There are 2 protein chains.
Amino acid sequence: MKYLIAEDELDLQQSIVTYLQRDGNICEVASDFGEASEKAAIYDYDVIILDINLVTGSGLDVLKTLKKEKKRAGVIIISANNSLTDKLEGLDLGADDYITKPFHLAELNSRINAVLRRGKYGGDEIMEFNEIKIDTKSRTAYIDGKAMALTRKEYDLLVFFISNKGRVLSKEIIAEHLWGDDSDLLDNFDFIYVHINNLRKKLTAEGAKYIKTAYGSGYKFIED
Amino acid sequence: MKYLIAEDELDLQQSIVTYLQRDGNICEVASDFGEASEKAAIYDYDVIILDINLVTGSGLDVLKTLKKEKKRAGVIIISANNSLTDKLEGLDLGADDYITKPFHLAELNSRINAVLRRGKYGGDEIMEFNEIKIDTKSRTAYIDGKAMALTRKEYDLLVFFISNKGRVLSKEIIAEHLWGDDSDLLDNFDFIYVHINNLRKKLTAEGAKYIKTAYGSGYKFIED
DNA sequence: ATTTCGTCTTTAGAATATATTTAGAATCAA
DNA sequence: TTGATTCTAAATATATTCTAAAGACGAAAT
């Protein structure tokens, strides 16, 4: 695998490089944003490890470059502290995962593996739909950067919708996915109405009207 | 350097010893957990290579001994399978790295070098979360510079939370990591409530309300 | 356009599931 | 043995999920 490590703390940079090279990986480094952006634009990396608190420039630039150049590198953001805003920033930047300092190299390693594994299966750590962002790690959904207070079923429902956005989901399918073979319930699906309603309320409270009723067939999550 | 190789597959054990001795290292071996624990407690090793699938005893014991005796040996776990839980468990147990069978000796060697090199950064010395600092060497947690009087379980719980900050940890996962496969307990998880409660009390006594309940899913350690 | 019927929405609250807290018994370590 | 720690058990508290029922809406038939 080929990595770009954009980190200006040189001993940390070196630790990561050594750790990754140990497994036969190819590493390139960047110590400031200019260098990081440039390399990210030109070369194809499998994973980019990006410290958003580099002294020069803005982390957005590097990620924008990646999007513009349609680079498919997985991005793991290193952030110095774990405040909510930083985390949200991480989500906004479109990173695949984030890790907060200080961390164990082995922990970084398992995140890298998760990101690489994901490329194949597509199970994202962070999901997005317009102003809605879901951090599956903390099981928290954000709307316009604000954490939503969702119950477990509401959260599961939202995740299911977003991972099937645009597709009509029948009550049967939804029930099967959220309740499994709990056959007591599967006679009627009235309870779905209630959960849909509750989730809708919380979404529309923030101005998001994404759950459309497909009369007679189900629901779909889609732009107005 | 001085090594302890705790491995009961004798030809593998011998291979490792020969490989390391060729570079002028001192090696001692142990073929069961009793021997490994005893030697680990008495002698000072730079690196301990520990097969967690030894037939006798529990891998926890050796690592617990190391913690109790405040031994600073780096630990590399050899594990027979490579499931994620095993990996995480290994890290949680305080190991510095892990390697899964089968492996090339050269790979083991580079892991050893990484572990030796590490000490520097990310060495498992100090963990931090806002005003909380944990000195893993002395197993002491400080809050605003003040040492907290934590019991073992409370300390372990706090470390587990902070090393997985932001992530929802189910009671099952917590139990698995703090109690291992002690299957007597794993039927119900009520005792978790008590430890959470106790830890919370001690944290909130200092104004830190970081343990959030994720109703129905678990707990997470996170900014308010 | 009106009726009709099946489908969906909405609400309130009952039932259930989950979490907190306390006290004390059992266990462990010094 | 003693004191600290850990676990058990039970009460209390809280949150979620489901049921039920009344009304609104959509679509097809008249």
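Values in this document were obtained by computation on a predicted structure and should not be read as measured data. Proteins get letters first, then strands, A, B, ... in listed order; numbering begins at 1 in each.
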Inset, instruction - Determine whether the side chains of A:T213 and A:K220 contain a donor N or O and an acceptor N or O closer than 3.5 Å. - result: no
Inset, instruction - Using heavy atoms to find the nearest nucleotide of DNA chain D for A:E154 and B:I192 separately, return the residue whose nucleotide is more 5′. - result: B:I192
Legend entry - Separation of D:dT16 P from A:M148 CE (nearest whole Å): 13 Å
Legend entry - With sequence neighbours excluded, residues passing ring-ring contact (aromatic ring centres under 6.0 Å, His included) with A:F160: A:H177
Legend entry - Comparing A:R152 and A:K171 on DNA chain C - which has the more 5′ nearest nucleotide: A:K171
Inset, instruction - Kindly give the heavy-atom pair with the smallest separation between B:E154 and B:K202, and that separation in Å. - result: OE1-NZ, 2.7 Å
Inset, instruction - Give a yes or no on whether the backbone of A:R139 and the side-chain of A:T136 come within a donor-acceptor separation of less than 3.5 Å. - result: no
Inset, instruction - Whole angstrom is fine here: how far is it from CG in A:D190 over to P in C:dA15? - result: 18 Å
Legend entry - Spacing between A:K153 atom NZ and D:dA15 atom P, to the nearest angstrom: 19 Å
Inset, instruction - Name every residue in residues 194-216 of chain A that has at least one heavy atom under 4.0 Å from any atom of DNA chain D, in order of residue number, or write none if there are no such residues. - result: A:V194, A:H195, A:Y215
Legend entry - N/O (side chain, A:W179) to phosphate O (OP1/OP2, D:dC18) under 4.0 Å: yes
Legend entry - Length of the OH-C1' vector between A:Y193 and C:dA12, whole Å: 19 Å
Legend entry - A:K212, NZ: over 12 other non-hydrogen atoms inside 6.0 angstrom: yes
Inset, instruction - Check every atom of C:dT20, D:dT6, D:dT19 against the side chain of B:T151 and return the nucleotide holding the closest atom. - result: D:dT6
Legend entry - Length of the line joining B:F191:CZ and C:dA19:C1', which is rounded to integer Å: 15 Å
Inset, instruction - Specify the separation, in whole Å, of atom OH of B:Y155 and atom P of D:dT6. - result: 14 Å
Inset, instruction - Verify whether one side chain among B:Q13 and B:D51 offers a donor that lies under 3.5 Å from an acceptor in the other. - result: no
Inset, instruction - Indicate, with a heavy-atom threshold strictly under 4.0 Å, whether B:Y219 touches base, sugar-phosphate, or nothing. - result: sugar-phosphate
Legend entry - Salt bridge flag under 4.0 Å for residues A:D190 and A:K171: no
